[in-house]
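What follows is one structure encoded as structure tokens, with my remarks underneath.
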Protein chains: 2
Amino acid sequence: MATIYEVAALAGVSPATVSRVFNGLTVSEEKQRLVRDAAARLAFTPNKTARRLRKQSSEIIALLIPDIENPFYTALARGVEDRAQESGFSVVLCNTDDNPAKELRYLQIAASEQMAGVILSPASDEVDLGAIVSLGRPVVAVDRTTPYPVDAVKIDNRAAGIAATTALVEAGYRRIACIAGPAGIEMTEDRFLGWRQVAAARGTGVHEGYLRHANFRVDGGHAAMRALLALDTPPDAVVTTNNLMAIGALQALAEAGISPEQFGVAAVGELPFVTMAPAAVASVVQVRLPARYLGRTAATMLLERIAGDTQPLRTVVLRAEVSPPPLPGKDPAL
Amino acid sequence: MATIYEVAALAGVSPATVSRVFNGLTVSEEKQRLVRDAAARLAFTPNKTARRLRKQSSEIIALLIPDIENPFYTALARGVEDRAQESGFSVVLCNTDDNPAKELRYLQIAASEQMAGVILSPASDEVDLGAIVSLGRPVVAVDRTTPYPVDAVKIDNRAAGIAATTALVEAGYRRIACIAGPAGIEMTEDRFLGWRQVAAARGTGVHEGYLRHANFRVDGGHAAMRALLALDTPPDAVVTTNNLMAIGALQALAEAGISPEQFGVAAVGELPFVTMAPAAVASVVQVRLPARYLGRTAATMLLERIAGDTQPLRTVVLRAEVSPPPLPGKDPAL
DNA sequence: GTGAAAGCGCTAACAC
DNA sequence: GTGTTAGCGCTTTCAC
């Protein structure tokens, strides 16, 4: 790989001039041409590592998500990546598995790699952002929050829980259960509080055992749904606080020979890749979360901070909406 | 961030000794202790950027995939990441969108970032790996191949296509169509050649218009299936050469009021997140591709090359298998 | 076993 | 507008 010195020698200018050309600083037309020609002839690419060492910062942002196999997070990642790319940044995707130890390790890597900033969906409230923040690296929390004072982009989770539950009530269901995520994560707690609020207000009664905590994955939703069906007075509908648990619940229902037309299912989140009959799909309430936009917004905020924006901490709250499934063959807009 | 010099000063040794301690070179017990204490007190973390500039190489590998929202690739990425992590490497995930321009850009980034190696699923045959290879960076092609001489890990695609089609023939279907991916990608061509071979051999006859090329996404499969159903003599079964197009096909069938029990569907690839009734699921033939293992194998090969392995180029071919769906609630093993 | 010193390739003062 | 030069923090000869 050619260096700035070789280009300079070939072009008959100083290394500094070559650097200036590649950084868009003022250089005479004439020398600019000489430099570009020489660079092209040597297939010169600036060495990012040297530049980073010198500048103490890079054009890489770290994105820490709990589960790369959850379509919600891949859509979010997509949003981050698209926005980052527009500004010439690259994204390193890190999968934390909701494991605080992995999360911490990635934060250390982000620091020692001089990454420009971090977007993360914290695995737990205890995540220690102190080290990275004190390094002056901007951090944005996305989807989930953290007690640490950083910018955040989130969903109005309470409203989402309310919307999901209300839709079931209005469809005539009266014994509405809730499959919530692990206790201790504000995002899922807000969603199930929305459920509880509606259940209490509408007098549908919150039966004993109608609240289930599960992991956020398909198997968690599946097991929880089976348990609900095994109750003495099983529910006639269920709200899940994320997308994958809804899949698990639907699987358990299918195994029990129950179609979604007979049993109310509402998910906070969008079901990925549904292949059910249109009527069945239509009967599943989906509170669509703007995952991609969430990522794009987080990236935008982070990039602003990286650029030196010093306004007070912000939390952007996005509103989810209950909506019909998108037409097949249509890509959901941004 | 503390530097090696500050640690050295505090420990009363030379910077070189600090470096040696952190690289596991021979240093006396005594000084080792001093250095570690000083490092701990200063919360010292070695600066990876400086190290990389000096060593001309990093512990980062680039993974270029066509579609991060396709569960096949996220599973593959998962395999790469797990294996990389075991060796202390990080993975940068890059989404090429099957766009040669994006792919090229990422390859340039990989080079200028001194990444240790590249694993990629080429967007096209024309991808130019010359630059990165001539830099001495190892490259492994995964899932898809490239004319360029690099290591590769792939599926026996012809066999997969044969298996999918044979299963439909044995189930009694006689008018079997094929929804293939874009022309010009060897992976999908091999799969549809498997289909054609069986169709010809079994005398099921390859009707005019039974072969459809589509993009690899859900909408592509959906449109292709609709077109097939609109034929004068529509097929009674279909083989799709990837997972997402199968989803699209199933959606189109569902819209037409046709259940998978009535119309044969075979997919090369695994349907993600199925929520259909067990009987319907069972009637869909899925040729399961070991996505995660594909990724893990590619990562292993790459890491061997990075470590200096100079054996001749290898291509590992993995065999897919037709199998029943995994039990719900079970995570597919590695 | 340990220290001194020379870079890795780039950027940013600082002179001119 | 352009060249000279001093590092960024680390690894690695080369002496000792």
Side-chain angles (χ1 to χ4, degrees), chain A residues 1-36 38-39 42-60 88 108-109 111-116 135-137 308, chain B residues 1-36 38-39 42-60 88 108-116 135-137:
Chain A
M1 266 197 116
T3 75
I4 220 174
Y5 289 94
E6 305 173 46
V7 175
L10 185 56
V13 301
S14 79
T17 298
V18 178
S19 171
R20 288 182 186 116
V21 169
F22 279 88
N23 287 287
L25 303 182
T26 49
V27 172
S28 71
E29 287 285 315
E30 169 64 2
K31 303 213 160 175
Q32 221 167 111
R33 204 182 42 69
L34 286 168
V35 168
R36 294 204 186 281
L42 296 173
F44 167 77
T45 321
N47 183 316
K48 295 279 184 72
T49 304
R51 148 189 278 248
R52 184 181 319 174
L53 177 59
R54 179 61 227 241
K55 308 234 305 187
Q56 302 289 344
S57 157
S58 67
E59 271 78 53
I60 297 187
Q108 285 169 341
I109 290 177
S112 67
E113 294 279 356
Q114 274 78 51
M115 294 188 189
L135 241 51
R137 301 292 178 211
Chain B
M1 254 181 125
T3 74
I4 221 175
Y5 289 93
E6 305 173 45
V7 175
L10 184 58
V13 301
S14 78
T17 298
V18 178
S19 171
R20 289 183 184 115
V21 169
F22 279 89
N23 286 287
L25 302 182
T26 49
V27 173
S28 71
E29 286 286 313
E30 170 64 2
K31 302 213 162 178
Q32 219 165 113
R33 207 183 39 69
L34 285 167
V35 168
R36 292 202 188 284
L42 297 173
F44 167 76
T45 318
N47 182 316
K48 296 279 186 71
T49 304
R51 150 190 278 249
R52 185 180 316 172
L53 177 58
R54 179 60 226 239
K55 308 232 309 184
Q56 302 289 341
S57 157
S58 68
E59 271 77 54
I60 296 186
Q108 285 169 341
I109 290 177
S112 66
E113 292 280 356
Q114 273 78 50
M115 295 189 188
L135 241 51
R137 302 291 178 210

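Lettering follows sequence order; numbering is per chain, from 1.
- Between the CZ atom of B/R54 and the C1' atom of C/dA6 there is a distance of 8 Å, given to the nearest Å.
- For B/T49 and B/A16, each mapped to the nucleotide of DNA chain D holding its nearest heavy atom, the one lying further toward the 5' end belongs to B/T49.
- Phosphate contact (OP1/OP2 of D/dC8, side-chain N/O of B/N47, threshold under 4.0 Å): absent.
- If you check distances only, the side chain of A/Y5 never reaches the base of C/dC8 with a donor-acceptor pair under 3.5 Å.
- Atoms CG and NZ, from A/N23 and A/K55 in turn, are 6.5 Å apart once rounded to the nearest 0.5 Å.
- Rounding to whole angstrom units, CG of residue A/L53 and C1' of D/dA6 are separated by 13 Å.
- If you check D/dG3, C/dC10, C/dC8 against the side chain of A/F44, the one that comes closest is C/dC10.
- Contacts of B/R20 with the nucleic acid, taken as non-hydrogen atoms under 4.0 Å apart, include base atoms.
- Atom C1' of nucleotide D/dG9 and atom CG of B/N23 are separated by 13 Å, given to the nearest angstrom.
- At a threshold of 4.0 angstrom between heavy atoms, the contacts of B/K48 with the nucleic acid are absent.
- Both B/K55 and B/P15 lie close to DNA chain C; mapped to their nearest nucleotides by heavy-atom distance, the more 5′-ward contact belongs to B/P15.
- Checked against C/dC10, D/dC10, C/dG1, the side chain of B/T26 finds its nearest nucleotide in C/dG1.
- If you take CZ of B/R51 and C1' of D/dG9, they are 12 Å apart, rounded to a whole angstrom.
- Put simply, CG on A/L25 is 9 Å from P on C/dT11, counting in whole angstrom units.
- No engagement by B/F22 is indicated, since no non-hydrogen atom pair under 4.0 Å with the nucleic acid exists.
- Judged by distance alone, with hydrogens and angles left aside, the side-chain atoms of B/S58 form a donor-acceptor pair with the main-chain N or O of B/Q114 at under 3.5 Å.
- Considering CD1 of B/I4 and CZ of B/R20, their distance stands at 10.0 Å, rounded to 0.5 Å.
- Looking at heavy atoms from C-beta onward, A/E113 lies in side-chain contact with B/R52 at the 4.5 angstrom threshold.
- At C/dG9, one or more side-chain N or O atoms of B/Q56 fall inside 4.0 Å of OP1 or OP2 (strictly under the cut-off).
- B/M115 contributes atom CE, which lies 7.0 Å from atom CD1 of B/I109 (distance to the nearest 0.5 angstrom).
- The residue B/S19 sits close to a base: some heavy atom pair falls under 4.0 Å.
- Protein atom CD of A/E6 is 8 Å distant from nucleotide atom P of C/dG9, rounded to whole Å.
- The closest side-chain heavy-atom distance from A/L42 to A/L10 is below 4.5 Å.
- The A/I4 side chain lies nearest to C/dC10 when the options are D/dC8, C/dC10, D/dC10.
- For the OP1/OP2 pair of C/dG1 and a distance below 4.0 Å, the side-chain nitrogens and oxygens of B/S28 include no atom meeting the criterion.
- Protein atom CD of B/Q114 is 15 Å distant from nucleotide atom C1' of D/dT11, rounded to whole Å.
- An OP1 or OP2 oxygen of D/dG9 is reached within less than 4.0 angstrom by no side-chain nitrogen or oxygen of B/T3.
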